[in-house]
Amino acid sequence: MTVTLSHAADIAISDKYRPQYPDDLPALQQALQGALSGTSDTVVEYERALAGWFDAREAIAVSSGGAALSVALFAAGVRPGDDVLLTPSCPLCTVFPVIAAGANPVFVDTREHSFGADPDSVRDRVSGRAAALIDIPMWGYPTEVDSLRELADSLELKLILDLAHSHGSTLRGRHLSSYGHLSCFSTHERKPLATGEGGFVLTDDAELAERCRSYSRFGNLNGSDFGLNYKLAALPAALGRSRLAALTEQIDRRRANARHLLQRLRHPQVREKRIIDGGNPNYYFLNLELDFADNRAFIDYLDARGIPSDIKRYGCQALYRFPALTQYRRACPNAEALLAAMTTLPVHPALNEAALDYMAEVINGYQAP
Ligand SMILES: *Cc1c(COP(=O)(O)O)cnc(C)c1O
């Protein structure tokens with residue numbers, strides 16, 4: 001096996017990956033002829049295009065994925081002192097908006113082989129102060145959002161989905177967003193739909209949509225309603241609208257890349273993370289389950305050969321293990337086991353077959369120390 005730098009470089013661009021979007025310039029030029037604020041026609045048109053692409057009744061464009069969570073939490077009725085249930089296997093980005101809202105994050109465990117919240121853990125930890133449950137399908141792999149929606153309804157909680165990784169992931173042929181009361185997306189540079197910074201909220205509930213819109217616009221400045229400014233400006237909205245046209249094709253390429261790579265994997269201690277029944281991931285990142293005595297050594301081995309891992313990049317661990325969050329510690333053994341026995345592989349649309357073959361070859365050649 002030869003390790004060539006050019007292959008390694010192809011893979012490493014996952015970190016600063018910029019796909020080519022030929023339509024950006026005309027779209028930006030057109031937007032520059034109109035108004036540029038967050039209430040401009042360009043933003044309204046982007047919201048319509050988002051709602052159409054995702055089969056949602058309403059889309060509210062906001063300035064980031066974090067803003068989308070803050071807006072959704074407010075719209076869901078989360079107020080200071082309330083509990084918000086969520087799994088600890090998500091990024092810090094999901095829990096900080098909960099704390100900023102003055103709410104208490106209550107960590108619930110995941111199921112054994114999925115990042116979805118475990119219904120038994122939810123039932124066990126839900127209290128009268130609980131207002132919302134956030135579920136976070138990581139790296140685009142669907143979670144059991146259908147049964148979580150039923151559970152949330154029965155417990156009178158709002159189900160908020162953090163779909164920052166999951167544009168285009170489906171369950172039983174429906175976008176994951178259709179299962180949440182409110183679904184939050186990021187369009188940060190690194191996400192499957194990218195506008196530099198940005199985000200949006202989807203909902204099928206007109207009243208929740210109105211509360212999202214009002215809260216993200218200073219309560220419409222009517223003096224009765226509270227709000228902050230979380231609007232998305234017209235230029236990133238114009239980018240988002242033109243790039244949305246390429247999203248389906250990009251996700252198809254991610255899926256094809258994942259298939260190509262998986263067909264070549266031969267290592268007995270490495271397999272794709274299980275996909276739940278009826279789920280179709282967008283392959284934001286390919287997830288592998290690892291079965292080594294020292295899984296970190298495998299991740300380091302790949303990293304040293306130019307194949308990066310989100311687990312290493314973000315130091316992924318149960319959130320209550322980070323110093324800022326130790327006070328929220330609750331036992332979540334399944335979530336810990338999931339994170340400790342996995343890694344991510346880039347399969348983004350800019351990767352060529354040689355790079356995918358190289359990754360498979362490096363993995364197949366691994367011998368645990
Ligand atoms: C990126 C991300 C966010 C935050 O999105 P920003 O646009 O960076 O604010 C929230 N949740 C998850 C799961 C993310 O990956």
Side-chain angles (χ1 to χ4, degrees), residues 14-17 38 46 50 59-74 76 84-101 105 107 110 114-117 132-143 145 159-169 176-177 180 182-202 212 216 228-233 236-237 239-240 243 254 281-287 308-319 322 324-325 335 338-339 342 344 346 348:
S14 67
D15 286 7
K16 8 178 187 21
Y17 151 60
Y46 174 49
L50 286 170
I60 301 95
V62 293
S63 50
S64 71
L69 285 159
S70 291
V71 166
L73 288 164
F74 183 86
V84 173
L85 288 75
L86 78 167
T87 51
S89 39
C90 63
L92 290 160
C93 319
T94 312
V95 71
F96 284 158
V98 173
I99 295 169
F107 288 120
T110 63
S114 154
F115 282 106
L133 165 65
I134 308 180
D135 202 55
I136 310 102
M138 293 296 290
W139 294 288
Y141 282 72
T143 55
V145 287
L159 177 64
I160 297 175
L161 300 178
D162 182 348
L163 302 178
H165 294 178
S166 299
H167 317 59
S169 296
L176 297 187
S177 49
L182 294 146
S183 294
C184 300
F185 290 81
S186 165
T187 59
H188 178 269
E189 173 97 88
R190 202 167 180 261
K191 306 294 160 78
L193 177 66
T195 62
E197 301 282 354
F200 55 94
V201 182
L202 300 179
C212 288
S216 60
L228 294 167
N229 182 4
Y230 286 123
K231 297 190 299 294
L232 183 71
L239 267 187
R243 292 178 174 190
R254 288 176 184 277
N282 65 357
Y283 287 102
Y284 173 49
F285 279 81
L286 177 62
N287 281 195
S309 167
D310 266 9
I311 296 288
K312 187 176 171 88
R313 176 188 171 112
Y314 296 109
C316 293
Q317 58 181 342
L319 287 182
F322 286 102
L325 298 167
L338 264 175
L339 287 172
M342 67 163 291
T344 67
H348 59 70

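Atoms within each ligand, like the ligands themselves, are counted from 1 in listed order.
Of all atoms in ligand 1, listed by their number and element, those nearer than 4.0 Å to a heavy atom of G198 are 7 (O). Heavy-atom proximity to G65, at under 4.0 Å, picks out these atoms of ligand 1: 5 (O), 6 (P), 7 (O), 9 (O). Interface of S64 with ligand 1, defined as ligand atoms under 4.0 Å from a residue heavy atom, comprises 7 (O), 9 (O).
Residues Y283 and L286 share a closest heavy-atom pair of CE2-CD1, 3.6 Å. L176 and P137 get closest at one heavy-atom pair: CD1-CG, 3.9 Å.
Side-chain N or O atoms of D135 include none that pairs as donor or acceptor with a backbone N or O of L161 at under 3.5 Å. Put simply, the side chain of S169 gets close to the backbone of N282: a donor and an acceptor are under 3.5 Å apart. The backbone N or O of F115 sits nowhere less than 3.5 Å from a side-chain atom of T110 that would complete a donor-acceptor pair.
At a heavy-atom distance under 4.0 Å, only side-chain atoms of K191, from C-beta outward, approach ligand 1. For H165, every heavy-atom contact with ligand 1 shorter than 4.0 Å involves the side chain, none the backbone.
If you check which protein heavy atom lies closest to atom 12 (C) of ligand 1, you get A164 CB, 3.3 Å. If you check which protein heavy atom lies closest to atom 11 (N) of ligand 1, you get D162 OD2, 2.7 Å. Among protein heavy atoms, the minimum distance from atom 4 (C) of ligand 1 is reached at C93 CB, 3.6 Å. Scanning the protein for heavy atoms near atom 9 (O) of ligand 1, the closest one is G66 N, 2.8 Å.
Of the options T87, L73, V95, L182, a side chain to side chain contact (heavy atoms under 4.5 Å, CB included) to I134 is made by L73 and by none of the others. Of the candidates H165, M342, R190, D310 forms a side chain to side chain contact (heavy atoms under 4.5 Å, CB included) with just one, namely R190.
Checking S177 against S183 by side-chain atom types alone, no donor-acceptor pair falls below 3.5 Å. Counting only N and O atoms by type, the side chains of T94 and D162 include a donor and acceptor under 3.5 Å apart.
With S70, G199, S186, A67 as candidates, the residue nearest to atom 5 (O) of ligand 1 on a non-hydrogen basis is S186.
Looking at ligand 1, you won't find any N or O of I136 less than 3.5 Å from one of its N or O atoms. Considering backbone and side-chain atoms alike, T187 places every N or O at 3.5 Å or more from each N or O of ligand 1.
Note on ligand 1: P91 sits in its first shell, one or more heavy atoms being nearer than 4.0 Å.
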